[in-house]
Amino acid sequence: MSVSRRALLTTAAGTAVAATSIAPPAQAAQKVPGHAAATLDATADYAVAKLRAVAPGVSGFPVGTRFEKWTYSQNGDWVGGFWPGTLWMAWLHSGEERFRTLALASAEKLAPRQDDTGTHDLGFLFYPSWVTAWRLTGDDKWRTGAIRAASSLIRRYNPKGRFIRAWGALNDPANAGRVIMDTMMNLDLLAFASSQTGDGKYLDIAVEHARTTQRNFLRPDGSTPHVYDFDPASGAPLGPGTVQGYSPASCWSRGQAWGIYGFTTIYRRTGRREFLTTARKLADFALGALSPDHVPVWDYLAPQAPHDIKDASAGAVMACGLLDLSRATGEPRYREEALKLLTALSETCLTRKSARADAVVARCTRNRPSEDSVEISLPYADYYLLEGILRVLRPDDIDRAIDLSTV
């Protein structure tokens with residue numbers, strides 16, 4: 001749908017420009033099959049209607065559902081960026097100012113986390129919230145805060161092992177050498193900081209971390225473990241592990257999706273084809289492991305796969321990564337598979353049949369080994385489903401929000 005209104009939008013180069021409307025879907029860029037277009041547009045409409053009803057009552061940052069109702073974190077945990085990010089996606093699709101207002105108010109609550117050196121998840125926290133806020137409003141406070149968060153993130157870099165540690169306080173020896181695939185998604189905050197400050201140290205660290213991940217996580221068949229451990233003193237690799245996957249030898253589906261998306265993004269920011277090659281290997285493995293219903297199981301190599309618990313959030317993340325990968329490689333098959341994923345999620349994983357559900361997407365699994373939140377709703381599923389749909393239907397608008405440019 002096309003909605004006219006005056007907004008301040010920001011180009012990929014970072015220049016604020018005035019616009020009188022958000023453009024309609026760019027038909028000339030990529031044709032979308034009629035059934036898929038109608039399905040995805042209806043899903044986006046459903047998401048906006050759900051958010052319109054639920055958002056005014058949200059009292060914190062959604063972290064997951066219990067009996068279909070959001071439970072909250074007040075400081076954002078690691079998922080705080082996804083709620084304002086989802087509201088931004090709703091604004092882009094609908095043009096309703098209420099979503100813009102709520103997105104800014106929610107993002108503001110993350111301000112204390114700019115100086116948090118105790119987590120690698122500052123990209124998840126600040127890119128879909130603060131970077132997007134800057135790109136869509138031009139208000140420099142959001143840009144400044146995101147750069148400050150990037151400065152906190154690089155303090156977690158281990159120069160001997162050339163990795164960003166995932167968990168634990170800087171002075172805590174526990175997990176000091178632990179690297180997880182998820183961190184690939186936090187690197188774009190560092191690329192943003194370098195592009196905005198002209199200081200290459202942020203992107204240099206992102207590149208070194210990506211190389212370390214590529215060198216140690218990638219198996220010959222394109223699968224990956226969730227975790228890889230290093231000696232924090234020497235930086236020497238110790239071996240694979242897992243927390244949310246079935247075993248160190250298995251392939252946790254959401255981690256694989258983080259890798260597809262993350263390696264494609266670091267390729268776009270650097271032009272280093274080694275990262276694009278890695279993204280393709282990860283994607284080809286995941287596509288080969290998908291069951292015919294196109295909803296990923298929680299772990300592709302768990303004993304009961306493919307007949308196992310589902311994780312729709314892995315499908316939403318993977319779809320975004322595949323759309324990005326198709327643009328980067330020029331290979332239509334990745335886009336075709338992404339459309340199948342988004343269509344499958346829209347047709348089989350929404351909360352349409354529940355009058356009490358707060359979320360948009362169901363059938364998500366946070367941590368199967370811990371029996372933590374199995375087939376519930378998760379905020380990042382809602383965010384990435386909408387991001388994926390807008391990548392298909394409104395590529396120019398999503399570019400303004402998250403920057404789809406390639407160097």
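Hydrogens, waters and symmetry mates play no part in the numbers below; they use all other heavy atoms, side chains included. Note that the numbering runs from 1 along the sequence shown for the chain.
Remark: Leu153 CG to Thr119 OG1 distance equals 8.5 Å, nearest 0.5 Å. Rounding to the nearest 0.5 Å places OG1 of Thr265 at 11.5 Å from CG of Asn186. With values rounded to the nearest 0.5 angstrom, Leu342 atom CG is found 7.0 Å from Cys320 atom SG. Taken to the nearest 0.5 Å, the CG atom of Leu378 stands 5.0 Å off from the SG atom of Cys364. From Arg100, atom CZ reaches atom CG of Leu87 across 13.0 Å, with rounding to the nearest 0.5 Å. Separation of atoms OH (Tyr267) and OG1 (Thr277) is listed at 9.5 Å; rounding is to 0.5 Å.
Remark: aromatic rings of Phe82 and Tyr383 are close, center separation under 6.0 Å. Proximity of the aromatic rings of Phe163 and Phe230 is defined here by a centroid distance below 6.0 angstrom, and this criterion is met. The aromatic ring centres of Trp70 and Phe61 sit 6.0 Å or more apart. Aromatic ring centres of Trp258 and Phe124: separated by under 6.0 Å.
Test Thr224, Asp299, Thr242 against Ser250 for side chain to side chain donor-acceptor pair (under 3.5 Å) and you get one pass: Asp299.
Every residue two or more places apart in sequence or in another chain was checked for a ring-ring contact (aromatic ring centres under 6.0 Å, His included) with Tyr300, and none qualifies. Listed by chain and number, the residues in a salt bridge (charged side-chain N to carboxylate O under 4.0 Å, His left out) with Lys109 amount to none (sequence neighbours excluded). By the salt bridge (charged side-chain N to carboxylate O under 4.0 Å, His left out) test, Arg143 pairs with Asp140, sequence neighbours left out.
Of all the heavy atoms in Val295 and Ala312, the pair that sits closest is CG1-CA, 4.4 Å.
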(request) Decide yes or no on side chain to side chain donor-acceptor pair (under 3.5 Å) for Ser354 and Glu68, but give the supporting numbers first. (result) CA-CA 9 Å; Ser354 172; Glu68 300 183 278; 2.6 Å; yes
(message) Is there a side-chain contact (heavy atoms from CB on, under 4.5 Å) between Ile164 and Val179? Walk through the geometry before answering.
(response) CA-CA 7 Å; Ile164 296 169; Val179 177; over 6 Å; no
(request) May I have the step-by-step check of side-chain contact (heavy atoms from CB on, under 4.5 Å) for Gln214 and Glu274, ending in yes or no? (result) CA-CA 9 Å; Gln214 175 183 259; Glu274 63 189 279; 3.2 Å; yes
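Under a cut-off of 6.0 angstrom, the local environment of NZ in Lys69 is crowded, with over 12 non-hydrogen atoms contributed by other residues, nucleotides or ligands. Heavy-atom neighbours of Arg66 CZ from other residues, nucleotides or ligands within 6.0 Å: at or below the threshold of 12. Within a 6.0 Å radius of CZ in Arg148, no more than 12 heavy atoms belonging to other residues, nucleotides or ligands are found.
A side-chain donor from one of Lys310 and Ser291 sits under 3.5 Å from a side-chain acceptor of the other. Ser405 and Arg268 share no side-chain donor-acceptor pair at under 3.5 Å.
A cation-pi arrangement is found for Arg352 relative to Tyr46, the charged atom lying closer than 6.0 Å to the ring centre and inside a 45° cone about the ring normal.
Classification of the Tyr127-Phe192 ring pair by plane angle, with boundaries at 30° and 60°, yields perpendicular. Between Phe217 and Tyr228, the angle of the ring planes lies from 30° to 60°, which puts this pair in the tilted group.
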